[in-house]
Amino acid sequence: MPVRAITPDYVGEVKDLQANFHGNQLVYVGWDHHLMFCAAFAFPLPPTTTFRQLRDEVMVEGFSAHPEWKEIDWDSTQWLLNGEPFIPQLDVALIDQGIDHKSLLRFQTPELKGFMGAAV
Amino acid sequence: MAANKLNLKDKYRLLTRDLDWEFSYQERKKAFPFEEFEGIKITDWSKWEDPFRLTMDAYWKYQAEKEKKLYAIFDAFAQNNSQLNVTDPRYINAIKLFLTAVSPLEYQAFQGFAHTGRQFGGVGARVACQMQSIDELRHVQTQIHAMSHYNKFFDGFQDWSHMHDRVWYLSVPKSFFDDARSAGPFEYLVAISFSFEYVLTNLLFVPFMSGAAYNGDMATVTFGFSAQSDEARHMTLGLEVIKFLLEQHEDNVPLVQKWIDKWFWRGAQLLSIVGMMMDYMLPNKVMSWKEAWGVYFEEAGGALFKDLARYGIRMPKYVEQVQTEHMSHQLWWTMYTHGHATGFHTWIPTDEEMDWLSEKYPETFDKYYRPRWELAKQMEAEGNRFYTKALPQLCTTCQIPMLFTEVDDPTQLSFRDTVYHGERYHFCSDGCRDIFHEEPEKYVQSWLPVHQIFQGNCGGPGVEQVLSEYYGMNLGADNLDIKGSPDEQRWNRWKGVA
Ligand SMILES: [Fe+2]
Ligand SMILES: [Fe+2]
Ligand SMILES: [Zn+2]
């Protein structure tokens with residue numbers, strides 16, 4: 001039973017369809033073990049954004065306040081897309097490499113232990 | 001000839017049970033159309049034991065007496081400028097949060113009980129819900145009156161009900177009650193009367209009222225006391241509902257258990273707000289959130305569920321996943337780092353407060369949370385007080401930013417997701433994900449503030465306009481750090497501190 005309702009065959013209105021975002025899609029990005037940022041960030045982006053733009057422009061806004069941001073070695077950074085290991089293609093559009101609406105990207109930098117080595 | 005005065009027993013019968021009547025030209029089922037769709041089976045409403053044992057005329061008399069005393073104290077409070085007696089102006093921010101997050105829930109409770117009270121075929125349940133409904137209306141009114149005094153002296157009190165409907169973090173308490181009120185009448189009672197009022201309410205009221213007493217806020221203490229005897233009645237209703245449903249039919253047991261699991265989890269996540277208040281917002285601390293949980297849930301709740309075992313009811317499903325060791329720290333960090341977007345002030349705990357937190361959370365505070373505050377202190381000293389730049393991912397069910405960590409790893413955020421009809425949904429926990437799975441058609445409709453902003457439904461284009469124009473915050477006064485705030489400046493002037 002998809003809902004316990006008095007109206008037979010009740011169907012809810014999906015509030016967050018991509019069509020409601022005026023041409024953008026939502027992409028969430030989180031930096032694992034870096035809890036200076038309390039949660040992953042949500043970004044509304046054109047699906048044609050390249051991964052390079054996401055990394056070098058969009059993510060900078062959210063994450064660059066971190067003292068370790070400048071030390072990230074992007075060549076050894078590991079990525080997860082919706083929980084699965086993922087190898088990004090820098091100059092390919094998000095949507096063309098499977099990063100669709102409401103996808104979650106997580107990145108891991110195991111050599112960086114966070115502020116005071118405390119996963120901050 | 002009728003006697004002038006009825007004895008109590010007759011009066012009680014006439015004024016409650018006797019209010020019902022036989023339906024002669026309409027089917028009873030049609031008069032109570034909400035009674036069956038949830039699948040609850042009621043075989044005999046006369047088995048309902050009235051929890052309040054109170055007639056309307058006695059009710060009015062008691063409440064009127066309480067009101068008289070309460071408003072006399074409010075008057076004295078105002079005349080003596082008692083706002084100056086609170087410990088320090090940081091405390092007032094707990095009250096701002098109460099007025100915007102909790103008082104509107106009293107109003108929602110009033111609406112909820114008025115509606116449910118209409119839907120039950122049993123007159124005893126109808127009368128009990130009606131009385132509680134009136135209580136809840138009284139609660140919201142006395143709270144507004146108590147806090148209106150602070151509105152004259154501090155920022156952030158001006159538009160609490162408007163804010164409740166719109167502000168990003170207030171969608172957490174609002175959606176909690178929206179969820180309950182849009183459920184059927186039996187789920188509503190299991191959610192609010194039992195899971196919230198009976199099982200969890202002490203975790204809300206005791207900390208707030210003792211917190212107020214410890215911090216010189218007599219207005220809040222007084223409305224707390226005045227509500228207490230009402231709360232005692234509400235708890236009795238919560239217990240009666242559960243026992244009645246479980247005794248009426250064995251098919252009710254799994255339904256009730258599911259609702260307990262759901263509403264316990266939703267309530268525990270919601271109460272992280274209280275945890276944050278106890279551990280961080282009260283200048284004079286009462287006890288830690290972890291201690292409060294131990295006393296008011298683990299001890300009291302443990303005994304209750306042992307009692308309910310004979311009906312086939314077990315402990316709420318996600319009880320092991322409630323992270324009382326971590327939630328208050330994680331939530332206050334979230335509020336601190338989003339302090340540009342909160343309708344109250346935030347701050348770094350003082351060194352003494354951090355030592356208190358180390359003592360109360362010896363396994364975790366120094367290891368995981370003190371370093372965050374060290375970073376915040378360092379940034380502040382560099383003239384760069386940390387305000388986060390982008391908007392957080394929210395849980396589809398509880399609507400809290402996805403800030404909670406894995407139960408077995410406090411350094412890793414907990415991410416859960418599911419795909420339903422081709423759309424992906426995200427959750428903070430197993431509990432929130434499972435609640436979605438039970439009723440996806442309900443939660444696909446979640447009004448998630450961050451997504452609403454990005455859809456252009458909250459004004460804009462920038463965050464500043466959303467905060468000031470759509471939320472109604474006075475930027476530079478209501479929000480930001482307490483340091484340098486107009487609240488702090490006024491306080492120092494009143495106290496003669498340079
Ligand atoms: Fe209440
Ligand atoms: Fe209540
Ligand atoms: Zn959640």
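First the proteins, then the strands, lettered A, B, ... as listed; each starts at 1. Values below: every heavy atom of this structure, side chains too, minus hydrogens, waters and symmetry copies. Just so it is clear, the model here is predicted, and its values are computed rather than measured.
The two residues A/Phe21 and B/Gln455 make their nearest non-hydrogen contact at CZ-NE2, 3.3 Å. Between B/Trp333 and A/Cys38, the shortest heavy-atom distance links the atoms CD1-CB, 4.2 Å.
Between B/Asp417 and A/Lys102, none of the side-chain N atoms (NZ, or NE/NH1/NH2) sits under 4.0 Å from a carboxylate O, so this pair counts as no salt bridge.
Across B/Lys367, B/Arg424, B/Glu38, B/Lys389, the residue that shares the most heavy-atom pairs under 4.5 angstrom with chain A is B/Arg424. Looking only at heavy-atom pairs under 4.5 Å with chain A, the residue among B/Glu187, B/His426, B/Glu36, B/Met402 that has the most is B/His426. Among the candidates A/Leu104, A/Asn20, A/Ile6, A/Val29, the residue making the largest number of heavy-atom pairs closer than 4.5 Å to chain B is A/Ile6. Contacts with chain A were tallied for B/Thr411, B/Thr396, B/Leu403; B/Thr411 has the most, counting heavy-atom pairs under 4.5 Å. Interface summary for chain B: among A/Val120, A/Asp16, A/Val14, the most heavy-atom pairs under 4.5 angstrom belong to A/Asp16. Options A/Ala119, A/Ala118, A/Pro44 differ in how many heavy-atom pairs under 4.5 Å they form with chain B, and the most are formed by A/Pro44. Looking only at heavy-atom pairs under 4.5 Å with chain B, the residue among A/Val58, A/Asn24, A/Asn82 that has the most is A/Asn82. When B/Ala390, B/Cys428, B/Ala183, B/Gly39 are compared by the number of non-hydrogen pairs under 4.5 Å with chain A, B/Ala390 comes out ahead.
The contact between A/Phe41 and chain B is made by backbone and side chain atoms together, counting heavy-atom distances below 4.5 Å. For a residue to count as touching a neighbouring chain, one of its non-hydrogen atoms must lie under 4.5 Å from one of that chain's; by this rule B/His421 does not touch chain A. Of the two parts of B/Phe415, only the side chain, counted from C-beta on, holds a non-hydrogen atom closer than 4.5 Å to a non-hydrogen atom of chain A. For chain A, the nearby part of B/Phe386 is the side chain; its heavy atoms alone come within less than 4.5 Å. Within the 4.5 angstrom heavy-atom criterion, only side-chain atoms of B/His338, from C-beta onward, approach chain A. Only the side chain of B/Tyr420 comes within less than 4.5 Å of a heavy atom in chain A; its backbone stays farther off. Contacts of B/Leu255 with chain A are made by side-chain atoms alone, with heavy-atom separations under 4.5 Å and no backbone atom involved. Residue contact with chain A, scored on non-hydrogen atoms closer than 4.5 Å, involves the backbone and the side chain of B/Glu374 alike. Contact annotation for B/Leu448: only side-chain heavy atoms (C-beta onward) come within less than 4.5 Å of a heavy atom of chain A. Neither the backbone nor the side chain of B/Asn457 comes within less than 4.5 Å of any heavy atom in chain A. In this structure, the portion of A/His22 lying under 4.5 Å from any heavy atom of chain B is its side chain and not its backbone. Of the atoms belonging to A/Ser103, heavy atoms from both backbone and side chain fall under 4.5 Å from chain B. Interface residue B/Thr388: only side-chain heavy atoms are found under 4.5 Å from chain A. Both the backbone and the side chain of B/Thr334 come within contact range of chain A, judged by heavy atoms closer than 4.5 Å. Within the 4.5 angstrom heavy-atom criterion, only side-chain atoms of A/Met116, from C-beta onward, approach chain B.
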(request) Could you go through the side-chain contact (heavy atoms from CB on, under 4.5 Å) check for A/His101 and B/Glu423 one step at a time? (result) CA-CA 8 Å; A/His101 184 48; B/Glu423 290 285 315; 4.0 Å; yes

(request) Before giving the answer on side-chain contact (heavy atoms from CB on, under 4.5 Å), spell out for B/Lys442 and A/Arg4 the whole-Å C-alpha distance, their side-chain angles and the decisive distance to 0.1 Å. (result) CA-CA 9 Å; B/Lys442 188 170 201 177; A/Arg4 207 169 284 109; over 6 Å; no

(request) Please test A/Phe37 against B/Leu413 for side-chain contact (heavy atoms from CB on, under 4.5 Å), starting from the C-alpha separation and ending with a verdict. (result) CA-CA 10 Å; A/Phe37 310 109; B/Leu413 291 174; over 6 Å; no

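Between the side chain of B/Gln393 and the backbone N or O of A/Ala42, no donor-acceptor pair lies under 3.5 Å.
For CG of A/Asp73, the number of neighbouring non-hydrogen atoms (other residues, nucleotides, ligands) closer than 6.0 Å is greater than 12. Within a 6.0 Å sphere centred on CD of B/Glu464, other residues, nucleotides and ligands contribute 12 heavy atoms or fewer.
By the 4.5 Å heavy-atom criterion applied to side chains, A/Leu35 and B/Arg372 are counted as neighbours. You'll find the side chain of B/Asp409 reaches within 4.5 Å of the side chain of A/His33, heavy atoms only. For the pair A/Phe115/B/Gln378, a side-chain contact is recorded, criterion being any heavy-atom separation below 4.5 Å from C-beta on.
For B/Gln323, the side-chain contact (heavy atoms from CB on, under 4.5 Å) partners are B/His326, B/Thr405, B/Val407, not counting sequence neighbours.
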